[in-house]
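First the structure, in the form of structure tokens, and then the observations on it.
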Amino acid sequence: MAMIRLERRADPSNFWRYGAPLVAVLATIIAGGIMFALLGKNPVEAIRTIFWTPFTGRNAAYYLSQLPIKAAPLVLIATGLALGFRAGIWNIGAEGQYVIGALSGAAVALALYPMEGRWLFIICIAASLAGGMLWAMIPAVLKVRLGVSEILVSLMLVYVAENILASLAVGAMKNPEGYGFPGSRNLSQYPAVANLDIWSGTGIHWGVIAALLSVLAGQILLSRHILGFQIQVAGLAPRAARFAGVAPGRLVMVCMAASGALAGAAGWFELAGPSGIVSVDFNVGYGFTAIIVAFLGRLHPVGILLAGVLLAVTYVGGDVARSSLGLPAGSIQSFQGMLLFFLLALDVLTAYRIRIGRKARA
Amino acid sequence: MSDTLLSLRGLTKVYPAVIANSDISFDIGAGEIHALLGENGAGKSTLVKTIYGLHRPDAGTMTLNGQPYAPSEPRAARAAGVAMVFQHFSLFDALDVAENIALGMENPPPMRQLAQRIRDVSNAYGLPLDPARILGDLSAGERQRVEIIRCLLQDPRLLIMDEPTSVLTPQEVEILFQTLRKLRDEGTSILYISHKLEEIRALCERATILRLGKVVGACDPREASARELAELMVGTALKPPTRAAGAGAAQGEVALEIRNLSAASPRAFGTALSEVNLVLHKGEVLGIGGVAGNGQDELLLALSGEMRTAPGSVLLAGEDVAQLPPNERRARGLLAAPEERLGHAAVPDMTLIENAFLTGAVREGLERHGFVDWRRTRGFAEKVIATFDVRTPGPDRIARSLSGGNLQKFVIGREILQDPVVLVVNQPTWGVDAAAAAAIRQALLDLAAKGAAVIVVSQDLDELMEIADRFAALNAGRLSGSVPVEGLTIGRIGLMLGGAHDMEVARAEAG
């Protein structure tokens with residue numbers, strides 16, 4: 001009888017550690033193609049539209065500028081999440097911290113409107129960092145003080161945040177000059193706080209700079225700083241971490257705070273630039289997609305940068321495919337989800353090898 | 001010689017990196033106690049797991065009672081009459097004895113009937129056991145009884161025992177031996193795995209000796225000397241550790257004092273420490289004996305700083321450190337090496353360099369303004385590897401890839417090279433081959449000779465007799481008074497470890 005066994009490798013495979021993401025992308029393209037075929041679309045056409053058309057088509061310049069806009073929040077959030085994930089702290093609620101961060105920045109901006117001065121932009125960034133951080137402190141404190149699962153609390157708080165957003169968009173933050181329509185003033189048209197392209201038409205706004213800085217800082221933190229070392233030890237061997245003097249509670253607070261703050265800032269950069277308006281449907285799931293980005297990038301800042309760009313491609317290309325081929329929006333999200341699914345499945349190969357053989361001889 | 005029960009021919013098992021068993025052939029007679037002797041890593045466990053159906057051999061055959069025998073899983077082995085008591089028990093702390101036994105049976109009888117059978121069998125073999133007791137409350141010796149009774153209920157023809165005495169007090173060992181002899185007299189064969197030579201000489205009538213996966217000898221252990229057996233097992237002549245002249249004799253200043261230390265265990269079913277007192281002088285090696293699970297882990301946590309205790313309960317050179325976290329204690333010279341190498345003393349998936357930083361950061365100055373100085377850390381790791389003869393291709397290898405003995409040398413060496421004032425080690429040579437164990441013991445003695453105070457917590461009484469100046473027993477979270485090792489007999493130690501009288505005996509000795 002033929003059988004498939006998993007056999008633990010003596011040393012983890014370096015090929016699979018770095019090869020798994022590439023193979024996962026390939027597997028996703030194949031499985032996604034099958035899904036598109038089942039939806040009655042030409043799979044080759046659909047895949048080409050997602051990965052190719054944005055860069056070669058007539059509107060390539062526009063689509064290219066969309067890449068940094070989509071990648072920046074993903075990278076910024078994922079870098080923060082990766083710190084916690086490395087330590088075994090599971091902040092699943094970045095989407096909520098993103099929303100609260102954006103609202104905190106908006107609250108400052110709208111309260112001070114129409115004051116002038118570019119320093120207001122800095123204040124708003126600070127407010128968004130603080131807002132996202134405080135929102136993440138709720139699950140962190142509950143975890144440390146009462147042992148409540150941070151996974152559940154942070155996730156549930158996403159829905160709380162979305163309801164706060166909805167209520168503010170049609171209530172306190174509604175544009176007084178908006179003829180009764182829901183939604184705030186357009187902050188991207190308020191020069192003091194607007195987060196516009198630094199070089200016009202490139203899509204490179206201040207959030208992109210922040211994302212790159214976060215990658216750099218994350219890289220240094222994890223490879224050289226003692227906090228980064230503690231994070232990794234805590235994730236790999238919690239008892240060894242305590243032996244080495246890591247205070248687990250403090251680490252939970254620090255990691256949740258960092259990921260919450262970065263998600264909050266991502267929310268503000270999005271709100272003050274590409275989005276502009278506090279509206280009911282302001283958030284589009286970057287906080288959840290960032291989880292895929294974090295794992296696809298091997299919880300490694302540079303990897304996250306690459307993964308963020310890849311996912312941004314699927315967002316941009318997915319939009320093109322949606323409008324030109326009529327693919328349903330849900331199919332694009334499934335496509336992104338498959339990526340995580342295949343990656344986690346292939347990760348097994350880093351630590352194990354597959355043996356296919358007949359049952360051993362008697 | 002009796003008839004052959006199980007015969008092995010040419011058994012070979014290859015793992016990715018190592019040949020665990022190579023062409024192993026020998027016979028086990030009916031109604032004999034057969035010793036399988038060898039160092040850790042000699043291939044004993046692989047071999048018995050093959051016999052028990054947990055592994056399939058890559059080559060070779062087995063014959064049981066004249067029939068071909070090739071169990072595809074333990075269930076098949078049990079059906080054929082082969083039972084095994086593992087070194088590490090597979091029992092559930094929260095269930096009672098009868099429930100635990102029922103879980104290991106194919107068709108457990110109704111509970112009441114099972115409880116009666118447990119009582120009958122356990123009394124018949126001199127291993128009294130109450131089926132209604134909760135596992136979490138049992139001592140290691142009683143837990144082993146549960147495993148043995150579970151096997152005996154299957155009426156095995158071959159009983160495999162993997163290092164059964166490592167968790168027992170000397171008195172419990174004697175009871176176990178009586179049980180095993182009784183089983184033998186009834187015709188059950190026993191394959192007895194151990195590296196303790198005196199036990200094997202007392203119990204077994206035949207021995208097969210393994211080294212590096214091969215059979216290197218067979219003998220009647222009652223006729224061979226312990227030295228002959230040891231040298232067959234290790235392959236070279238052994239050198240006992242030597243002590244610098246005068247070491248341990250002079251009473252130095254007090255290095256560590258524990259005063260009325262009581263603390264609950266941080267783990268469920270752990271053992272609370274209860275009014276532990278001890279005074280440790282510079283240059284002294286204190287051996288703390290006792291069966292695992294009597295508060296050894298908790299004592300180490302209380303000293304390493306992973307567990308904080310009441311103010312004033314731990315004094316390092318007169319300073320109260322009971323409330324200080326681990327790195328503050330390290331800074332003051334109180335270092336520790338926990339029992340569990342992988343996951344506690346070292347991070348399995350980190351390199352030796354990173355593991356050197358794990359505890360060496362403070363005293364070796366491997367940290368600069370919050371950043372890791374990787375160059376210096378690598379230097380420290382390389383120094384540990386060179387000084388303690390850690391066999392590894394290099395400091396970039398992950399801890400998990402090292403053998404138990406080599407990783408233990410690294411862990412102990414990492415602490416010793418930091419020049420501790422007080423070093424606490426828990427089971428320093430557990431699962432370590434004889435050559436590495438000798439090196440570790442020697443290093444601990446050398447450390448004490450240089451003036452450090454050393455606490456060695458160990459279940460291996462021979463080890464404590466070899467290196468300790470004073471001996472104390474830890475029993476149910478209580479520490480006896482310490483007595484000089486010189487002139488201490490195994491019988492007296494047994495009393496100190498065993499039960500209610502230990503305190504009195506110890507006090508009398510100490511006084």
Side-chain angles (χ1 to χ4, degrees), chain A residues 1 3 5-14 16-17 86-88 147 217-251 254 298-299 347 349-355 357-362, chain B residues 13 15-18 55-62 68-72 266 300-301 304-307 324-331 336-338 340-350 354-355 357-362 366-374 377 397-401:
Chain A
M1 190 180 89
M3 60 172 206
R5 283 180 300 138
L6 286 175
E7 192 172 276
R8 196 175 180 102
R9 294 175 193 271
D11 274 322
S13 155
N14 269 327
W16 280 109
R17 180 175 298 164
R86 282 265 185 127
Q219 180 64 31
I220 292 171
L221 180 79
L222 283 175
S223 64
R224 306 210 161 271
H225 197 270
I226 192 153
L227 177 64
F229 180 78
Q230 292 186 342
I231 283 171
Q232 293 172 63
V233 175
L236 291 169
R239 292 185 68 205
R242 238 163 289 148
F243 176 57
V246 179
R250 206 188 117 237
L251 206 59
V254 169
R298 315 269 75 179
L299 304 181
D347 260 355
L349 296 176
T350 311
Y352 296 86
R353 74 176 86 231
I354 293 179
R355 280 287 166 95
R358 287 147 50 77
K359 270 208 162 181
R361 309 164 294 276
Chain B
K13 176 78 187 172
Y15 285 124
V18 63
H55 292 323
R56 257 150 304 173
D58 295 320
T61 56
M62 295 185 277
Y69 171 67
S72 56
L300 186 120
L301 295 178
S304 74
E306 289 161 84
M307 189 166 100
L324 293 181
N327 278 336
E328 299 274 323
R329 299 195 194 194
R330 288 198 179 99
E340 196 188 341
R341 291 183 283 272
L342 286 173
H344 194 183
V347 184
D349 290 305
M350 280 190 158
E354 289 167 307
N355 273 300
F357 185 82
L358 194 71
T359 69
V362 181
L366 307 176
E367 190 189 332
R368 288 271 162 82
H369 313 296
F371 286 88
V372 183
D373 186 338
W374 286 120
T377 307
R397 295 302 297 257
I398 60 172
R400 187 153 59 78
S401 71

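Below, chain A is the first sequence line, B the second, and so on; all start at residue 1. These numbers come from a predicted model, not from an experiment.
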In terms of heavy-atom proximity below 4.5 Å to chain B, should A/Gln230 be classed as side chain, backbone, both, or neither?
neither

Which heavy-atom pair separates B/Asn327 from A/Ala244 by the least distance, and what is that distance?
ND2-O, 3.2 Å

Okay, B/Glu340 and chain A: the region with an atom under 4.5 Å from a heavy atom over there is side chain

Of all the heavy-atom pairs spanning B/Glu306 and A/Arg239, show the shortest one and how long it is.
OE1-O, 3.9 Å

Check B/Arg330 against A/Phe243 and note the closest heavy-atom contact, atom names and distance.
NH2-O, 2.6 Å

Heavy-atom closest pair, residues B/Met350 and A/Leu236
CG-CD1, 3.6 Å

Taking side chain as everything from C-beta outward and backbone as N, CA, C, O, which of these in B/Ala336 sits under 4.5 Å from a heavy atom of chain A? Side chain, backbone, both or neither.
both

Quick one: closest heavy-atom pair of B/Gly343 and A/Ala237, and the distance?
O-CB, 3.8 Å

Applying a strict 4.5 Å limit to non-hydrogen atoms, the region of B/Pro71 in contact with chain A is neither

Which pair of non-hydrogen atoms, one from A/Phe229 and one from B/Glu354, has the smallest distance, and what is that distance?
CZ-O, 3.3 Å

To the nearest 0.5 Å, what is the distance between CZ on B/Phe371 and CD1 on A/Ile220?
7.0 Å

Quick check on the interface: out of B/Pro338, B/Gly305, B/Pro68, B/Ala345, who has the most heavy-atom pairs with chain A under 4.5 Å?
B/Pro338

